[in-house]
Protein chains: 2
Amino acid sequence: MSTGVNLKELAAELKLSPSTVSRALNDSYEISEETKKKVVSMAEKLNYQPNPFARSLRENKSKTIAVIMPERMSSFFSKVIDGIEEVTHQHGYHLLIYSTHEDVEREKKIVNLLMNGRADAIVMSVSSQTSDISHLARLHERGFPLIFFDRICESIPTTKFITNDYESAYDGTKHLIQQGCRKIGFLMLSKELSITRERYRGYLDALKAAGLAPTPSLQLTCAHEEEKNIEAIRDLLLSEDRPDGLVSSVEKLALATYHAVKKTDIKIPEDLKIISFFSNLSIAGLLTPSLTTITQPAFNIGEECAKLLIKKLTKPRQPDLPNQVISIPSKITIRASTLVEY
Amino acid sequence: MSTGVNLKELAAELKLSPSTVSRALNDSYEISEETKKKVVSMAEKLNYQPNPFARSLRENKSKTIAVIMPERMSSFFSKVIDGIEEVTHQHGYHLLIYSTHEDVEREKKIVNLLMNGRADAIVMSVSSQTSDISHLARLHERGFPLIFFDRICESIPTTKFITNDYESAYDGTKHLIQQGCRKIGFLMLSKELSITRERYRGYLDALKAAGLAPTPSLQLTCAHEEEKNIEAIRDLLLSEDRPDGLVSSVEKLALATYHAVKKTDIKIPEDLKIISFFSNLSIAGLLTPSLTTITQPAFNIGEECAKLLIKKLTKPRQPDLPNQVISIPSKITIRASTLVEY
DNA sequence: AGGCGTTTCGCAAACGTTTCCGTATTTTAA
DNA sequence: TTAAAATACGGAAACGTTTGCGAAACGCCT
């Protein structure tokens, strides 16, 4: 656990003062090129590594960004984080990553833990239980850099990155209608979520545009436990007024639907067509039948979040993060699960 | 960005010295119960949050653990991290998470970044390219707490958590033989990896025990790019001496195999039976046909790693992490992909 | 009453940086 | 030739904690 040499020892070795060595390593104009060379080479020789905490304490920044997401076992969130890491890593930033497991109490706890400056910024997607957002509002009011993606808080005036939820859901629903569906259901997580609201709007408007009346019994709000979701979907599929098409607003509910279908005689796409927001493309093609997907630009969303934050954190006098919603379009890939039978 | 009150301000408010306040908050025996009450209540009132960097600088520990893994889009690694987070979170530890993307240069860079004490410990799974382990050896020689899981470094004398790779592969291969396979192939990532070595041994020994000769042409070493893997597997499946059974040592290669099979006339399980190490149980059941899996106790592995580390980091005078390999058994779940046709 | 131990608290150093300021030396300008 | 300016570096404070040490105040016993 012996941390190597520190600045003072390095300075002693060079017969220079710590301040000079510090400046030399930070490439200050006050130091001659000659001594810079000497200092740098000696630092490498002794493998000097500056203590990050001393530096953070002094500079009041941590070179660390926190990411808070509702669940880890999700290709979407994994890809977003890959995108974030791609750009933050290039700038020497580290990533603290937290999963709330869709638990708002845990989310609050994490946010409170981060209020002491351990991270320079937070980029997050709220839990499905989050309706009271006071913990997030407080964070933002303190001037703490906060960015949302996907599951956003509209009421907090900062930058949010989403996909074109409304249009994608609209187009996806329209696609089902064009494929002959007339009784189209909608699968969602909590109605509190920004994404379900927007996607639901798109779904409803597409129905309306086609002159179809929405049926409340076909709209299913699911919970966290996979088994229960499968049962609920199965019940829906076996109900009297069962759907001939489904729009799933999240990946996990599409998978739950496939599980539910397996337990019945229902055939996709003959009896039921389904389209879903879905990020795991490799899996989508392997399902039977392959799944028509609305693919969010997950990696790209992560990159954009990180780019904005890096700009805010590294440039000298940056304004606050602008209060705007930036939408990066999804892409619909039509596969067998919505193709009409011949 | 205004960090709230600090210790000095809190002390001034209470008309006490900072040292007394610090001791009171840390529940020191030197402070009377009466003033402890006062201090704690005032701290809550002013929402005092101790500066983590000042504390880390003084105490020389960061309350942070780093996790390094080869890829993020993997249900196995996601579950391991869930397990780690579950126990570290309870002890107030934070998680820095890094993905090497199977790139050993990136792995080295990350390890070097962590040598300055930013994390109190590292738990990692090495990249498939890692053959030179000098960066890891150096870390361990410095006394830095280091734990491996799954893809381990045998030669570094610390604690490693794995599953019973040899036995699982042996049993899995034996299962294929019992189901009638005679030409069993093996899919692997780099031969450098501990897991492929062990699983390969199990595979070979099971063949030998059944009196079957191993065929080198049936043993495929895959790369990082999914497309190429699919092509390579397809070529294998269409070759003259094609396998009637496959043992896949990692999840992604089983998925690649399903993709490859889709491009051919081959039927699973009639023409080809397949078993794979696989963590995404939900998906395994949805594949067509459903996939026989060897499921590693991913969450449990993460928990055990974290428990050991927490013990090492929080108890006062702990010995070094013992040089041992701890194996937590996998579970084989037989599904349709290995069932004999009738 | 005086000594001694216990309780309770304050002072100041320390952790390893960065940076404000001062200063000695050299260069430039008049 | 001299004053001013530029260059190159050192001393010391500061960031916010924790903790070793010292020192009051108090009670207790003999």
Side-chain angles (χ1 to χ4, degrees), chain A residues 1-40 42-43 46-64 92 115-118 120 314 316, chain B residues 1-40 42-43 46-64 92 113 115-120 314 316:
Chain A
M1 196 111 77
S2 71
T3 64
V5 297
N6 60 22
L7 196 63
K8 209 182 300 178
E9 294 163 353
L10 177 58
E13 194 70 28
L14 285 158
K15 296 193 192 311
L16 288 172
S17 87
S19 53
T20 303
V21 175
S22 172
R23 276 188 269 251
L25 291 174
N26 292 336
D27 202 26
S28 162
Y29 71 99
E30 297 185 88
I31 305 300
S32 71
E33 291 303 322
E34 189 185 5
T35 58
K36 275 184 191 172
K37 297 283 179 200
K38 274 192 265 186
V39 169
V40 168
M42 180 63 80
L46 300 187
N47 190 31
Y48 166 72
Q49 303 275 8
N51 183 308
F53 305 118
R55 181 175 281 176
S56 291
L57 178 60
R58 174 62 213 236
E59 307 224 294
N60 200 30
K61 54 186 173 183
S62 62
K63 279 269 191 180
T64 299
M115 293 224 308
N116 56 14
R118 190 178 283 270
D120 295 337
T314 58
Chain B
M1 196 111 76
S2 72
T3 64
V5 297
N6 59 24
L7 198 61
K8 210 183 298 179
E9 295 163 354
L10 177 58
E13 194 71 28
L14 284 159
K15 298 193 190 309
L16 288 172
S17 86
S19 55
T20 302
V21 176
S22 171
R23 276 186 266 251
L25 291 174
N26 292 335
D27 202 26
S28 162
Y29 72 99
E30 296 185 87
I31 305 299
S32 71
E33 290 303 322
E34 189 184 4
T35 58
K36 274 184 191 172
K37 297 284 180 199
K38 274 192 265 186
V39 169
V40 168
M42 180 61 81
L46 301 186
N47 190 30
Y48 166 71
Q49 303 276 7
N51 182 307
F53 305 120
R55 182 176 279 176
S56 290
L57 178 59
R58 174 61 212 237
E59 306 222 292
N60 199 30
K61 53 185 172 184
S62 62
K63 280 266 189 182
T64 299
L113 279 177
M115 293 224 308
N116 56 15
R118 189 178 283 270
D120 295 338
T314 58

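The chains referred to below are lettered A, B, ... by the order of the sequence lines, with proteins before strands, and numbering in each begins at 1. Computation of the quantities below employed the complete heavy-atom set of this structure, encompassing side-chain atoms and omitting hydrogens, waters and symmetry-equivalent molecules.
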Got a second to check how far [X]'s [atom1] is from [Y]'s [atom2], nearest 0.5 Å?
X: B:Asn6; Y: A:Asn116; atom1: CG; atom2: CG; value: 13.0 Å
X: B:Glu9; Y: B:Leu46; atom1: CD; atom2: CG; value: 9.0 Å
X: B:Ser22; Y: B:Leu16; atom1: OG; atom2: CG; value: 12.0 Å

Check: B:Ser56 main-chain N/O paired with B:Ser62 side-chain donor or acceptor under 3.5 Å: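 Judged by distance alone, no pair lies under 3.5 Å.
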Main-chain N/O of B:Thr314 paired with B:Lys61 side-chain donor or acceptor, under 3.5 Å: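 No; judged by distance alone, with no hydrogens or angles, the pair does not exist.
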Would one find a side-chain N or O of [X] under 4.0 angstrom from OP1 or OP2 of [N]?
X: A:Ser17; N: D:dG10; value: yes
X: A:Asn6; N: C:dG16; value: yes
X: B:Arg55; N: D:dT18; value: yes
X: A:Tyr48; N: C:dT17; value: yes
X: B:Thr35; N: C:dC9; value: yes

Whole-Å distance separating the [atom1] atom of [X] from the [atom2] atom of [N]:
X: A:Arg118; N: D:dG16; atom1: CZ; atom2: P; value: 16 Å
X: A:Ile31; N: C:dT19; atom1: CD1; atom2: P; value: 13 Å
X: B:Tyr29; N: C:dT8; atom1: OH; atom2: P; value: 11 Å
X: A:Leu7; N: C:dT19; atom1: CG; atom2: C1'; value: 13 Å
X: B:Leu10; N: C:dG10; atom1: CG; atom2: C1'; value: 16 Å
X: B:Asn26; N: D:dT19; atom1: CG; atom2: P; value: 7 Å
X: B:Leu57; N: C:dC15; atom1: CG; atom2: P; value: 9 Å
X: B:Leu14; N: C:dG10; atom1: CG; atom2: P; value: 10 Å

Along DNA chain C (nearest heavy atom to each residue), the more 5'-positioned of B:Ser32 and B:Glu59: B:Ser32
Among [options], the nucleotide that comes nearest once only the side chain of [X] is considered:
X: B:Ser19; options: D:dT17, C:dG10, C:dT17; answer: C:dG10
X: B:Leu16; options: C:dC15, C:dC9, C:dT17; answer: C:dC9
X: A:Asn51; options: C:dG16, D:dT17, D:dC9; answer: C:dG16
X: A:Arg58; options: D:dC9, C:dT19, C:dA13; answer: C:dT19
X: B:Ser22; options: D:dG10, C:dT17, D:dT19; answer: D:dT19

Side chain to side chain, A:Met42 and A:Leu10, heavy atoms closer than 4.5 Å: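 The answer is yes; the side chains approach within 4.5 Å.
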D:dG10 base / A:Arg23 side chain donor-acceptor hit below 3.5 Å: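 Yes.
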Comparing A:Pro18 and A:Glu33 on DNA chain D - which has the more 5′ nearest nucleotide: A:Glu33
